[in-house]
Participant: 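I'd like to ask you about the structure that follows.
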Amino acid sequence: MAAPPPFPAPPPPQPSGGIVGPLPVVAPHFCAPYVVQLNVQEQFGLREGDFLITDTNGAVVITVKGAFISIHNRRVLFDAYGNPLLCMKEKVISMHNRWEVYRGDSTKSSDLLFTVKKSSIIQPFKTEMYIYLASNTSHEVCDFKMNGSFNERACSFYLGNTNTLIAQMHRQHTATSVVLGTDHYSLTVFPNVDHVFISALVVILQELHTDKND
């Protein structure tokens, strides 16, 4: 088995979210012991849902490949070496815009890692999403949550149903994004938090925005 890719480059010191122990969702080696700063850029092309995620040095950390325009509900997330890490699949018949995320490029129930869904059906301005790990079958209390704004393209990520912050995302305006009409985000992942897991949530949030405007 190939060695896991190195951590993204560390940025200058920033405030942490107060998390002490690692929070692995995809894998423990994706939990860097420092703040991870990433840039998430939507890619313009034939496929819908392509993203490029880089670190502060511009090195590719993650790529996301969507489906061609005829198929809207599947995204695969790859590491820098082209190995599939996650498969994100939208439930076509779902009142809460539910997404299921699996290990690798699988969609088998045994490979399910977590489920993401809206906390309520009607959310005209703000979006609140609940994340449930595969082991949390009752879905009574979420394991993580994210609150975002479609208009501002800003989002905060929390541990469980608490105010403990684990990551933040903000939209950036670049020349390329303005010309092509694509989105570019700055993503801050706090120490010991799985940056691949958070990156997947950013992609899902963007997909919800795209669906809202279709």
Side-chain angles (χ1 to χ4, degrees), residues 4-42 51-57 59-64 75 77-80 85-86 88 97 99 101 113-119 123 126-134 136 141-172 183-209:
F7 290 137
Q14 298 183 37
S16 74
I19 301 300
V20 178
L23 290 175
V25 175
V26 181
H29 58 264
F30 295 131
C31 299
Y34 48 76
V35 172
V36 171
Q37 189 73 38
L38 299 173
N39 294 308
V40 183
Q41 185 172 358
E42 184 183 13
F51 291 86
L52 183 67
I53 301 177
T54 57
D55 67 11
T56 53
N57 292 330
V60 175
V61 178
I62 295 168
T63 58
V64 180
R75 308 286 181 262
L77 189 150
F78 299 87
D79 68 13
L85 297 175
L86 297 175
M88 299 171 281
N97 292 102
W99 283 73
V101 183
L113 287 177
F114 59 93
T115 300
V116 184
K117 68 179 183 180
K118 282 185 177 181
S119 60
Q123 298 182 5
K126 298 286 186 178
T127 298
E128 183 176 61
M129 302 289 294
Y130 289 160
I131 299 96
Y132 303 93
L133 297 178
N136 183 358
V141 179
C142 63
D143 296 288
F144 303 89
K145 70 177 178 181
M146 59 181 179
N147 293 323
S149 166
F150 281 129
N151 293 329
E152 299 172 4
R153 303 290 216 289
C155 186
S156 296
F157 305 84
Y158 300 92
L159 178 62
N161 195 20
T162 71
N163 292 322
T164 302
L165 193 65
I166 60 173
Q168 288 182 304
M169 179 204 79
H170 298 282
R171 187 182 190 184
Q172 292 183 335
D183 282 316
H184 193 151
Y185 303 104
S186 173
L187 176 61
T188 300
V189 183
F190 293 126
N192 296 319
V193 177
D194 191 323
H195 68 267
V196 173
F197 165 60
I198 299 296
S199 298
L201 297 182
V202 171
V203 173
I204 290 173
L205 185 68
Q206 171 64 17
E207 294 304 310
L208 290 173
H209 171 78

Participant: Does any part of the side chain of Leu52, heavy atoms only, come nearer than 4.5 Å to the side chain of Thr54, both counted from C-beta?
Facilitator: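 Side-chain contact under 4.5 Å: yes.
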
Participant: Asn147: which residues meet the side-chain hydrogen bond (donor to acceptor under 3.5 Å, both in side chains) condition with it, sequence neighbours left out?
Facilitator: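 For Asn147, no residue satisfies side-chain hydrogen bond (donor to acceptor under 3.5 Å, both in side chains) once neighbours in sequence are set aside.
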
Participant: Please test Val40 against Met169 for side chain to side chain contact (heavy atoms under 4.5 Å, CB included), starting from the C-alpha separation and ending with a verdict.
Facilitator: CA-CA 9 Å; Val40 183; Met169 179 204 79; over 6 Å; no

Participant: Taking side-chain hydrogen bond (donor to acceptor under 3.5 Å, both in side chains) as the definition, give me every residue that meets it alongside Asp143, ordered by chain and number, with sequence neighbours left out.
Facilitator: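 Checked Asp143 against side-chain hydrogen bond (donor to acceptor under 3.5 Å, both in side chains); matches are Asn136.
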
Participant: Does some side-chain heavy atom of Val203 sit less than 4.5 Å from a side-chain heavy atom of Leu201?
Facilitator: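 No, side chains not in contact.
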
Participant: Check whether the side chains of Glu42 and Tyr185 place a donor and an acceptor atom closer than 3.5 Å, and report yes or no.
Facilitator: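 No - no donor-acceptor pair under 3.5 Å links their side chains.
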
Participant: Do side-chain atoms of Asp194 reach the backbone of Val26 as a donor and acceptor pair under 3.5 angstrom?
Facilitator: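 Pair found, side chain donor or acceptor close to backbone of Val26.
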
Participant: What is the distance from atom CZ of Phe78 to atom OG1 of Thr63, rounded to the nearest 0.5 Å?
Facilitator: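 Atom-to-atom, Phe78:CZ and Thr63:OG1 are 6.0 Å apart.
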
Participant: Tell me, do His195 and Val61 make a side-chain contact under 4.5 Å, heavy atoms counted?
Facilitator: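 Contact flag for His195/Val61 side chains = yes.
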
Participant: What residues form a ring-ring contact (aromatic ring centres under 6.0 Å, His included) with Tyr158, not counting sequence neighbours?
Facilitator: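 Applying ring-ring contact (aromatic ring centres under 6.0 Å, His included) to Tyr158 gives none.
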
Participant: Less than 4.5 Å apart, side chain to side chain, heavy atoms only: is that true for Val202 and Leu187?
Facilitator: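 Touching, per the 4.5 Å side-chain cut-off.
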
Participant: With a 4.5 Å heavy-atom cut-off, do Met129 and Phe144 have their side chains touching?
Facilitator: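 Counting from C-beta outward, Met129 and Phe144 never come under 4.5 Å.
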
Participant: What distance separates Met146 CE from Gln168 CD, expressed to the nearest 0.5 Å?
Facilitator: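 With rounding to 0.5 Å, CE (Met146) is 14.5 Å from CD (Gln168).
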
Participant: For residues Ile62 and Ser199, report the shortest heavy-atom separation together with the two atoms involved.
Facilitator: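 In this case the closest contact between Ile62 and Ser199 is CD1-OG, 3.6 Å.
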
Participant: Side chains of Lys145 and Leu159, heavy atoms from C-beta outward: is any pair under 4.5 Å?
Facilitator: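 Result no, sub-4.5 Å side-chain heavy-atom pair not found.
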
Participant: Could you grab the distance from atom OG1 of Thr115 to atom NZ of Lys117, nearest 0.5 Å is fine?
Facilitator: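 NZ of Lys117 is found 8.5 Å from OG1 of Thr115.
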
Participant: Below 4.5 Å, heavy atoms only, C-beta onward: do Val196 and Leu86 meet side chain to side chain?
Facilitator: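 In contact.
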
Participant: Ala27: what forms a side-chain contact (heavy atoms from CB on, under 4.5 Å) with it, not counting sequence neighbours?
Facilitator: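 In terms of side-chain contact (heavy atoms from CB on, under 4.5 Å), with neighbours along the sequence ignored, Ala27 is linked to His29, Phe30.
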
Participant: Once ring-ring contact (aromatic ring centres under 6.0 Å, His included) is applied, do any residues pair with Phe114, and if so which ones, sequence neighbours excluded?
Facilitator: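 With neighbours one apart ignored, the set is Phe197.
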
Participant: Distance check, rounded to the nearest 0.5 Å: Ile53 atom CD1 versus Asp79 atom CG?
Facilitator: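 Atom-to-atom, Ile53:CD1 and Asp79:CG are 12.0 Å apart.
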
Participant: Hey, are Thr56 and Gln37 close enough side-chain-wise for a donor-acceptor pair under 3.5 Å?
Facilitator: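 No - no donor-acceptor pair under 3.5 Å links their side chains.
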
Participant: Consider side-chain contact (heavy atoms from CB on, under 4.5 Å). Of Leu165, Ile166, Thr188, which one does Phe157 pass it with?
Facilitator: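 Among Leu165, Ile166, Thr188, the one that satisfies the side-chain contact (heavy atoms from CB on, under 4.5 Å) with Phe157 is Ile166.
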
Participant: Going from CG on Leu133 to CG on Leu113, what distance comes out if it is rounded to the nearest 0.5 angstrom?
Facilitator: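 One gets 8.5 Å once the value is rounded to the nearest 0.5 Å.
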
Participant: CZ/Arg171 to OG/Ser186 distance, rounded to the nearest 0.5 angstrom?
Facilitator: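 Nearest 0.5 Å value for the CZ-OG distance: 13.5 Å.
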
Participant: Within a strict 4.5 Å, meaning less than it, do heavy atoms of the Phe51 and Gln206 side chains meet?
Facilitator: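 Counting from C-beta outward, Phe51 and Gln206 do come under 4.5 Å.
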
